[in-house]
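Chain identifiers are assigned alphabetically (A, B, ...) following the order of the sequence lines, protein sequences preceding nucleic acid strands; residue numbering begins at 1 within each chain.
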There are 2 protein chains.
Amino acid sequence: MDAGLPSELAGRGIEPDCIETILVVRDVLARVGDKWTMLIVTVLRDGPMRFTALHHAVPGISQRMLAHTLSALTRDGLATRTAYPEVPPRVDYTLTELGRSLASAVDRLVGWVRDHQDEIVDNRRQFDSPD
Amino acid sequence: MDAGLPSELAGRGIEPDCIETILVVRDVLARVGDKWTMLIVTVLRDGPMRFTALHHAVPGISQRMLAHTLSALTRDGLATRTAYPEVPPRVDYTLTELGRSLASAVDRLVGWVRDHQDEIVDNRRQFDSPD
DNA sequence: CGGGATCCGATTAGATACTG
DNA sequence: CAGTATCTAATCGGATCCCG
């Protein structure tokens with residue numbers, strides 16, 4: 001995933017454990033920071049939901065990205081996938097305890113953004129304005 | 001930046017303010033979730049630093065990405081850029097109050113990741129193992 | 001219905017070279 | 001020293017088609 005950094009850090013006497021942490025932290029931040037994860041997680045907080053329901057609940061997402069993101073969440077143990085042996089198929093996605101725990105940790109960050117978004121948007125306008 | 005989502009949300013009777021928030025939240029999450037931002041911010045928390053010092057303090061980053069990321073931080077008002085009219089040029093970057101405030105908000109999330117990284121890494125191994 | 005496989009345009013980021 | 005400009009390789013994401 002990130003072959004360059006570890007070797008460069010390793011040569012500097014930095015603890016391998018710390019490198020691991022940096023990599024995992026960055027990785028998880030990248031996941032919650034991506035285009036769709038938070039939207040999906042937010043929807044899933046209300047309870048289990050099927051693939052198609054999610055597809056309708058998250059406007060604008062493609063089938064492909066929905067499947068990808070759900071697979072990533074499942075892989076990390078943040079959601080569970082339950083397939084019922086029926087035809088036509090039915091699949092439920094549910095947030096795990098770990099997923100809910102992450103969601104509430106992210107909530108505080110989202111709170112920060114809500115509290116400061118005006119300031120940020122303002123800073124951008126000033127920066128971009130060609131005085 | 002994200003032309004599709006707003007129009008799709010707008011058609012559903014969702015408040016424009018809420019759309020704004022979703023977009024800004026996602027945007028800020030994407031910034032802290034990108035490959036270099038957190039590393040740079042972490043280094044900057046110890047105090048002001050010049051461009052070259054940052055380049056050395058953040059192993060593996062290219063000059064281009066360092067300049068880009070610093071510019072983005074400055075644009076959002078998370079850092080300030082101070083250029084001294086000398087030759088050779090000297091430029092300092094400093095975290096603003098807003099930047100420090102974000103950093104500590106992110107800290108809690110980083111704490112969560114540290115607390116659960118073993119669990120996550122474990123889940124991935126199980127998911128990837130070809131049982 | 002719930003995806004996986006494929007194709008392709010768009011964005012990203014590293015390497016390199018150049019400049020005030 | 002502190003960047004910008006350019007080129008390129010890789011990645012991302014949407015559209016489409018297909019299948020159990």
Taking the side chain of [X] as heavy atoms from C-beta outward, which of [options] is closest to it?
X: A:R64; options: D:dT4, D:dG14, C:dG3; value: D:dG14
X: B:M65; options: D:dA15, D:dG3, C:dG14; value: C:dG14
X: B:Q63; options: D:dG14, D:dG3, C:dG3; value: D:dG3

Rounding to a whole Å, what distance do you find between [X]:[atom1] and [N]:[atom2]?
X: B:H68; N: D:dT6; atom1: NE2; atom2: P; result: 13 Å
X: B:R81; N: D:dT4; atom1: CZ; atom2: C1'; result: 12 Å
X: B:K35; N: C:dG14; atom1: NZ; atom2: C1'; result: 9 Å
X: B:H55; N: C:dA15; atom1: NE2; atom2: C1'; result: 11 Å
X: B:F51; N: C:dG20; atom1: CZ; atom2: C1'; result: 15 Å
X: A:L70; N: C:dG4; atom1: CG; atom2: C1'; result: 14 Å
X: B:L54; N: D:dC1; atom1: CG; atom2: P; result: 14 Å
X: A:I61; N: D:dA15; atom1: CD1; atom2: P; result: 12 Å

Report summary line: DNA chain C nearest-nucleotide lookup for B:D34 and A:V91: closer to the 5′ end is A:V91
So, is [X] close to the [N] phosphate, meaning a side-chain N or O under 4.0 Å from OP1 or OP2?
X: B:W36; N: C:dG14; value: yes
X: A:S62; N: D:dA15; value: no
X: B:R90; N: D:dA2; value: no

Report task. Is it possible for you to check whether A:R26 lies under 6.0 Å from the centre of the six-membered ring of B:W36, through NZ or CZ, and within 45° of that ring's axis? Result -> yes
Query raised in the report: Is a side-chain donor-acceptor pair under 3.5 Å present for B:S104 with B:D107?
Result: no
Query raised in the report: Hey, is CD on A:E86 packed in by over 12 heavy atoms from elsewhere, all under 6.0 Å?
Result: yes
Report task. Mind checking A:E86 for me? I need base, sugar-phosphate or nothing, with any heavy atom below 4.0 Å counting as a touch. Result -> nothing
Query - Touch class at under 4.0 angstrom, heavy-atom based, for A:Y93 against every strand present - result: sugar-phosphate
Query raised in the report: So, the side chain of B:H55 versus the backbone of B:I61: is there a donor-acceptor pair under 3.5 Å, distance only?
Result: yes
Requested in this report: Starting from the 5' end of DNA chain D, give me the residue, A:P89 or A:G60, whose nearest nucleotide shows up first.
Outcome: A:G60
Query raised in the report: Does some side-chain heavy atom of B:W112 sit less than 4.5 Å from a side-chain heavy atom of A:S101?
Result: yes
